[in-house]
There are 2 protein chains.
Amino acid sequence: MSKRFDTFGGDEIRMATLAEVARHAGVSASTVSYVLSGKRSISEGTRRRVERSIQELGYHPHAGARALASSRSNIIALMVPLRTDMYVPVMMEIAMAVATTARQHGHDVLLLTGEEGPTAVRRVAASGLADAMILMDVELEDERIPLLRAGDRPAVLVGLPADTAGLTCVDLDFAATGALCADHLADLGHRSVAVVGEAAAVYQRHTGFAERTLQGLRSRAAARGLRLIHRPCEGGYESTAGTLARIFEERPDTTALVVQNESAIVPLLALLRQQGRAVPEDVSVVAVCPDQVATQATPQLTSVAIPAQQMGRHAVELVIAKLGGSPTEEVRLLGPELTVRASSGPAPSA
Amino acid sequence: MSKRFDTFGGDEIRMATLAEVARHAGVSASTVSYVLSGKRSISEGTRRRVERSIQELGYHPHAGARALASSRSNIIALMVPLRTDMYVPVMMEIAMAVATTARQHGHDVLLLTGEEGPTAVRRVAASGLADAMILMDVELEDERIPLLRAGDRPAVLVGLPADTAGLTCVDLDFAATGALCADHLADLGHRSVAVVGEAAAVYQRHTGFAERTLQGLRSRAAARGLRLIHRPCEGGYESTAGTLARIFEERPDTTALVVQNESAIVPLLALLRQQGRAVPEDVSVVAVCPDQVATQATPQLTSVAIPAQQMGRHAVELVIAKLGGSPTEEVRLLGPELTVRASSGPAPSA
DNA sequence: GACATGTGTCGAAGCGCTTCGACAAACACC
DNA sequence: GGTGTTTGTCGAAGCGCTTCGACACATGTC
């Protein structure tokens, strides 16, 4: 009922400090600190008294002071590619998963764009702004990697560079993904499969995952006696139409398509519909894409999900483990899962 | 040529401190600080000597120490909605623009998800983690707003709440956007226009922008003698098909469509094509969407762009201005721009 | 040459927290 | 009732930076 502390829902003008809490609770500053950190045992009574004071004063420890004294900022830097032309929803999902998981571990997330380039890695590490880093969209020969190796800050990569020695990485097992698609189609009796691939630029940029998927597809296709062709595709209506035409021209017996390029999926389905090729009666379609895309398509797509959330969560967990000094495996590949939906079925002539 | 400092590209194991730089340059610590901040005049010679030392030692000021001493973290918190089901590319684009613009002003960006809720606002402000906040996806009655009003940290909202008193907001002028679309179609001689709206949930959530667009459309339509109907649409193939069918059933004379729901755009075009309605010969289509979506569609869409980058940039600039103590306007509405592309043309009977 | 006025630099005092060693007090043991 | 061990608390010393006042010296002014 005391009016004094009721400045609009408990917001004080001046921020309380540890010392004030200590005075209010009748203990020393260090005691308050230990209550907060739990690094020394505190008697039940004192703890409660301190906690009440914290509550009443609306105390929040000052992040800078804490970082200075403990040389731990409790911040994880997340570096996302500047390029916002591709996989945007996936990136976003990973980023959000990183942010929420980090919070669960008491950390905040600093958002870095690729724009600053490798410099950002140095700046953030050297200034003690972040305790650790998570890098997304890693390329096979990424410029940022030497800096990570040289620096002593824990880091986790989302994606697989060419040389993973000494690095910790998280990624979907794209080779297994490819294999899974091939198996599924082979099981259904298909003999001739076409891959509607990523844009040529993606292969040139050597982001790795596209090649790995293809490789998985190829080797399993060979093992199962599948004929496989692969055509890159820029995505969008026009380009997809061209790719599709070329595929059916070259291999009229094609009965199944594997699509990895998200922006080709909707056009592809529209085109097939328009050409009178029924899915899955005439052509089966298997996609590698986020579940959301697969379930929103018509018909719903049999797909291997891109586990964006999982990737984000794992990245944080690994980075937290490293911060805690735990030994961590180098590469964590997430096992792909294929969900059968309405777009794949037995090969027509079978 | 000295080997001593060549530990792999200039990375020292121990991080240099201000004091070390000062010793190395033969000046006092405060002098180094003033060189860095430029807050006092420094002689040319000293400045150069200090700068060389900084270079040689690879010095980066410690963020925490700086924040503690100056009570400025040089961090802006960006709160994005947790919900990743809508506008994802737009959100991402805004977020990236915020991040890069902030860097240009010497600030970093802390990524907060909506998950933590209004608490995050208090936590970040009270701990001094961030100097200011930018909130995205603001709802008409947003829970976070009272906290912002109570707190003393500068904040900028992206989006318009019901009551903007005392707040600074950035948004596209959606009412003007609606009006612009109506004008464009009226100019082309259309008399009966249908709006393929956002999902019903969007209207219920009162995010504001959808209503404002509609309002702009309606009043200008009335002024220009256009008949207008509006039907919400969930997006996706099925739902769009239903909405479209209902529209043409109710108003067979409809010659133009306005679409705001991004996820309805591609299905809509596919459906029209399939139904044999040529765009723009039989039906004109105007969209409110990012330029990228408009240009990737077939045919390319006449559209009002959602200026995501601009919104992000303006938000940062306003927040920086407020941090600098400059008075700032309350609401900055960005003027919409309509780009005529291939999807709109003269009304058929005209 | 006495005076005011700038300029450039330094020293010291914090900013708010963590953490280490010290030390009473309470308990255990024979 | 001495010894040894916990247990709970405190004081003090920083962490690396900013910033204020002081001060020495160079300049300008009548």
Side-chain angles (χ1 to χ4, degrees), chain A residues 12 14-51 53-54 57-75 106 123-131, chain B residues 12 14-51 53-54 57-75 106 123-131:
Chain A
E12 313 297 293
R14 227 186 76 59
M15 294 192 286
T17 69
L18 225 211
E20 286 164 12
V21 174
R23 205 174 315 126
H24 187 274
V27 298
S28 76
S30 44
T31 300
V32 177
S33 179
Y34 286 124
V35 167
L36 250 28
S37 70
K39 291 192 179 173
R40 283 200 183 172
S41 52
I42 297 285
S43 71
E44 192 50 32
T46 310
R47 175 199 267 62
R48 256 209 285 280
R49 219 151 9 100
V50 170
E51 276 163 358
S53 299
I54 290 177
L57 301 181
Y59 169 73
H60 282 267
H62 187 282
R66 193 169 252 204
L68 177 56
S70 65
S71 37
R72 281 292 211 112
S73 65
N74 289 327
I75 289 180
R123 182 177 65 85
V124 167
S127 67
L129 228 188
D131 298 332
Chain B
E12 314 296 292
R14 226 184 76 59
M15 295 190 286
T17 70
L18 225 213
E20 286 164 13
V21 173
R23 204 174 316 128
H24 187 274
V27 298
S28 76
S30 44
T31 301
V32 177
S33 178
Y34 287 123
V35 168
L36 249 28
S37 69
K39 291 193 180 171
R40 284 201 183 174
S41 52
I42 296 285
S43 71
E44 191 50 32
T46 309
R47 174 200 267 58
R48 257 209 284 282
R49 217 145 18 93
V50 170
E51 275 163 357
S53 297
I54 288 176
L57 300 181
Y59 170 73
H60 282 266
H62 187 281
R66 193 169 251 205
L68 177 56
S70 65
S71 39
R72 282 291 214 118
S73 64
N74 289 328
I75 289 180
R123 183 176 65 85
V124 166
S127 67
L129 228 187
D131 298 332

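By convention in this document, chain letters (A, B, ...) are assigned in the order of the sequence lines, proteins followed by strands, and residues within each chain are numbered from 1.
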* Spacing of A:L36 atom CG and A:I54 atom CD1 [to the nearest 0.5 Å] ->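 Those atoms lie 4.5 Å apart.
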[N] phosphate, OP1 or OP2, under 4.0 Å from [X] side-chain N/O:
| X | N | answer |
| --- | --- | --- |
| B:S33 | D:dT18 | yes |
| B:S43 | C:dT9 | yes |
| B:S30 | C:dT9 | no |
| A:K39 | C:dT19 | yes |
| A:R66 | C:dG16 | no |

* Does any N or O donor sit under 3.5 Å from an N or O acceptor when you compare the side chain of B:S41 with the base of C:dG8? ->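 Answer is no: no donor-acceptor pair is held.
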* Asked: So does A:R40 reach the base of C:dG21 with its side chain, donor to acceptor, closer than 3.5 Å?
  ->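 Answer is yes: a donor-acceptor pair is held.
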* Side-chain heavy-atom pair A:R66, A:H62 within 4.5 angstrom cut-off ->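 Contact flag for A:R66/A:H62 side chains = no.
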[options]: which one has an atom nearest the side-chain heavy atoms of [X]?
| X | options | value |
| --- | --- | --- |
| B:T17 | D:dC17, D:dC10, D:dC15 | D:dC17 |
| A:H62 | D:dT19, C:dG16, D:dC17 | C:dG16 |
| B:S28 | D:dC15, D:dA12, C:dC10 | C:dC10 |
| A:T46 | D:dC17, C:dG11, D:dT9 | D:dT9 |

Within the side chain of [X], is there an N or O that forms a donor-acceptor pair under 3.5 Å with the backbone of [Y]?
| X | Y | answer |
| --- | --- | --- |
| B:S53 | B:R49 | yes |
| A:R47 | A:I42 | yes |
| B:S73 | B:A67 | no |

In this structure, how many angstroms lie between the [atom2] atom of [N] and the [atom1] atom of [X], rounded?
| X | N | atom1 | atom2 | result |
| --- | --- | --- | --- | --- |
| A:R47 | D:dG8 | CZ | C1' | 11 Å |
| B:I42 | C:dC10 | CD1 | C1' | 11 Å |
| B:N74 | D:dT18 | CG | C1' | 13 Å |
| A:L68 | C:dG14 | CG | P | 17 Å |
| B:L129 | C:dC17 | CG | P | 13 Å |
| A:E44 | D:dG8 | CD | C1' | 13 Å |
| A:I54 | C:dC17 | CD1 | C1' | 13 Å |
| A:L18 | D:dC15 | CG | C1' | 15 Å |

* Please test B:I75 against B:V124 for side chain to side chain contact (heavy atoms under 4.5 Å, CB included), starting from the C-alpha separation and ending with a verdict. => CA-CA 10 Å; B:I75 289 180; B:V124 166; over 6 Å; no
* To do: Assign each of B:Y34 and B:P61 to its nearest nucleotide of DNA chain D by heavy atoms, then name whichever residue's nucleotide is nearer the 5' end.
  =>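 With B:Y34 and B:P61 compared, the 5'-side residue is B:P61.
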* Using the closest heavy atom to pick a nucleotide of DNA chain C for each, name whichever of B:R49 or A:A29 lands nearer the 5' end. =>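 Of the two residues, B:R49 wins.
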